Undergrad: 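Sharing a structure below in structure tokens format, with a few things to ask.
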Amino acid sequence: MANLYPPSANWLPLKLVFCGAVFGGLLVVWIWYSWTPKYTRVGYMPSQPVEFSHELHSGQLGMDCRYCHSFVELGAHSNVPTTQTCTNCHKPGGVAANSPKVATIIQSWDTTLQQVSDEAEPIRWVRVHKLPDYAYFNHSAHVNRGVSCVSCHGQVNEMPVVYHAEPLSMGWCLDCHRNPEDYLRPIEQVTNLDWKPEDEPEGSRFAGMSQRQIGEMLVDEWNVHPPVGCAGCHR
């Protein structure tokens, strides 16, 4: 009786196992990458209820980050500006009061004034950056020890619309915690998003120093020892 299958069919089970292993490996890599913060967060750019341009306010006009995010030096959480903060400039009859981009601010201000507090309509900003609930982060502990806004949020002063610039993953945080000297800068330059070590003027104690030299000096002066164990961020 003749064989039903040619001799080459003997290799078929091995080929199927090999193809299955390759496909399974590619599937694991794809799932792993798809679930990483770099894939799921970086580039996230939600539309906001007000067309607020950080490029204009922070970049061109030179407004300090702390004018709007006024609690960043004092508390664990950074705040978004209230309607009242916006109306310091954009109140009725104020800057660009007739611009369609400011209409939402004016409306929110009028509503807040005319209605009782539980019916007031604040500007509902869409949150861009949010750590998981199981991760502890304190803004004040970082900005008061020379960690600039740009280190975590990117070059915000060049963003017409703010987007998620860094992954904010555990590994990304640990890179900084293990090598703080690569990121620390003078306190007075924390909100200067364009600062570079070479910008230090003559007469400054940091003049002529590299980032590593400045960072090492500040680590020693401030006794900076960021936690790298689990309990540092998972409390």
Side-chain angles (χ1 to χ4, degrees), residues 36-44 54-55 57-79 128-159 162-235:
T36 59
K38 185 175 182 180
Y39 182 86
T40 58
R41 298 181 187 171
V42 173
Y44 173 57
H54 280 76
E55 181 183 39
H57 291 78
S58 179
Q60 297 180 34
L61 300 179
M63 291 179 63
D64 192 290
C65 306
R66 293 165 293 187
Y67 183 80
C68 296
H69 305 288
S70 52
F71 300 153
V72 71
E73 296 175 299
L74 306 174
H77 302 284
S78 177
N79 60 299
V128 179
H129 302 86
K130 187 180 188 306
L131 290 178
D133 292 339
Y134 53 77
Y136 173 80
F137 179 84
N138 188 312
H139 272 86
S140 64
H142 288 75
V143 299
N144 288 312
R145 281 298 177 263
V147 179
S148 174
C149 313
V150 73
S151 295
C152 300
H153 299 294
Q155 210 72 37
V156 177
N157 58 326
E158 297 178 359
M159 299 180 186
V162 171
Y163 60 87
H164 211 298
E166 301 290 349
L168 306 186
S169 63
M170 183 174 70
W172 179 86
C173 292
L174 285 173
D175 286 341
C176 182
H177 277 218
R178 289 168 177 157
N179 304 282
E181 61 276 0
D182 292 336
Y183 302 93
L184 301 189
R185 60 175 64 186
I187 289 292
E188 61 272 16
Q189 302 296 348
V190 164
T191 59
N192 179 3
L193 306 188
D194 291 323
W195 178 85
K196 298 291 186 294
E198 54 269 25
D199 295 336
E200 286 295 305
E202 292 186 14
S204 166
R205 67 188 185 117
F206 302 111
M209 299 175 66
S210 66
Q211 170 62 59
R212 175 56 69 96
Q213 291 171 322
I214 293 174
E216 289 177 345
M217 177 187 292
L218 295 177
V219 165
D220 182 63
E221 289 184 2
W222 294 335
N223 194 28
V224 173
H225 298 289
V228 294
C230 302
C233 299
H234 304 293
R235 303 183 179 184

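One is the number of the first residue; the rest follow in order along the sequence. In this text the structure is predicted, and so the values were computed from the model without any measurement.
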Undergrad: How many angstroms lie between NE2 in His153 and OG in Ser78, if you round to the nearest 0.5 Å?
TA: 6.5 Å
Undergrad: In Å, rounded to the nearest 0.5 Å, how long is the span from OG of Ser210 to CD of Glu198?
TA: 10.0 Å
Undergrad: How are the rings of Tyr134 and His234 set to each other: parallel, tilted or perpendicular (split at 30° and 60°)?
TA: tilted
Undergrad: Is it true that a side-chain atom of Glu55 and a backbone atom of Gln60 form a donor plus acceptor pair closer than 3.5 Å?
TA: no
Undergrad: So do His57 and Tyr67 actually touch side chain to side chain, heavy atoms under 4.5 Å?
TA: no
Undergrad: We want to know whether Asp199 and Gln189 form a side-chain donor-acceptor pair, criterion being a heavy-atom distance below 3.5 angstrom.
TA: no
Undergrad: Check whether any side-chain heavy atom of Leu193 sits under 4.5 Å from a side-chain heavy atom of Cys149, and report yes or no.
TA: yes
Undergrad: Would you check, one step at a time, whether the test ring pair (Phe, Tyr, Trp, His ring centres under 6.0 Å) holds for His142 with Phe137?
TA: CA-CA 9 Å; His142 288 75; Phe137 179 84; 4.3 Å; yes
Undergrad: Just wondering, do Asp194 and Glu158 contact through their side chains at under 4.5 Å, heavy atoms?
TA: yes
Undergrad: side-chain contact (heavy atoms from CB on, under 4.5 Å), that's the test. Do Val156 and Val162 meet it? Break it down for me.
TA: CA-CA 7 Å; Val156 177; Val162 171; 4.0 Å; yes
Undergrad: Out of curiosity, His129 NE2 to Tyr163 OH, how far, rounded to the nearest 0.5 Å?
TA: 9.5 Å
Undergrad: Atom CD of Glu216 and atom CD of Gln211: how far apart are they, to the nearest 0.5 Å?
TA: 10.0 Å
Undergrad: With a 4.5 Å limit on heavy-atom distance, are the side chains of Val190 and Val147 in contact?
TA: no
Undergrad: Give me the atom names and distance for the closest heavy-atom approach of Pro186 to Trp195.
TA: CD-CZ2, 3.7 Å
Undergrad: Which heavy atom in Glu202 sits nearest to a heavy atom in Ala207, and how many Å separate them?
TA: CA-CB, 4.3 Å
Undergrad: State the CG-CG distance between Asp175 and Asp182, to the nearest 0.5 angstrom.
TA: 9.5 Å
Undergrad: Determine the interplanar angle of the His54 and His69 rings, folded into 0 to 90°, and report it as parallel if under 30°, tilted if 30 to 60°, perpendicular if over 60°.
TA: parallel
Undergrad: Please report the interatomic distance CG(Leu131) to CE(Met170), rounded to the nearest 0.5 Å.
TA: 13.0 Å
Undergrad: Any ion pair linking Arg145 and Glu73 (charged N to carboxylate O, less than 4.0 Å)?
TA: no
Undergrad: Considering all heavy atoms of both residues, which atom of Ser58 and which atom of Asn157 are nearest to each other, and what is their separation?
TA: OG-CB, 3.5 Å
Undergrad: Is the closest side-chain donor-acceptor distance between His77 and Asn79 under 3.5 Å?
TA: no
Undergrad: Quick check against the 3.5 Å criterion: does His139 have a side-chain atom that pairs as donor or acceptor with the backbone of Ala76?
TA: yes
Undergrad: If we only count heavy atoms from C-beta on, is the Met217 to Phe206 side-chain gap below 4.5 Å?
TA: yes
Undergrad: Are Leu218 and Val224 packed together at the side-chain level, in the sense that at least one heavy-atom pair is separated by less than 4.5 angstrom?
TA: no
Undergrad: With a 4.5 Å heavy-atom cut-off, do Arg185 and Ser148 have their side chains touching?
TA: yes
Undergrad: Considering non-hydrogen atoms only, spot the tightest contact between Pro197 and Met209 and give its length.
TA: CB-O, 3.6 Å
Undergrad: Determine whether Ile187 and Trp222 satisfy the following criterion, side-chain contact (heavy atoms from CB on, under 4.5 Å), listing intermediate values before the conclusion.
TA: CA-CA 11 Å; Ile187 289 292; Trp222 294 335; 3.7 Å; yes
Undergrad: I want to check something: taking the side chain as every heavy atom from C-beta on, are Glu181 and Ile214 in contact at a cut-off of under 4.5 Å?
TA: no
Undergrad: Val219 and Leu184: which non-hydrogen atoms are nearest, and at how many Å?
TA: CG2-CD1, 3.7 Å
Undergrad: Looking only at heavy atoms, which two atoms of Ala165 and Val42 are closest? And how far apart?
TA: O-CG1, 4.0 Å
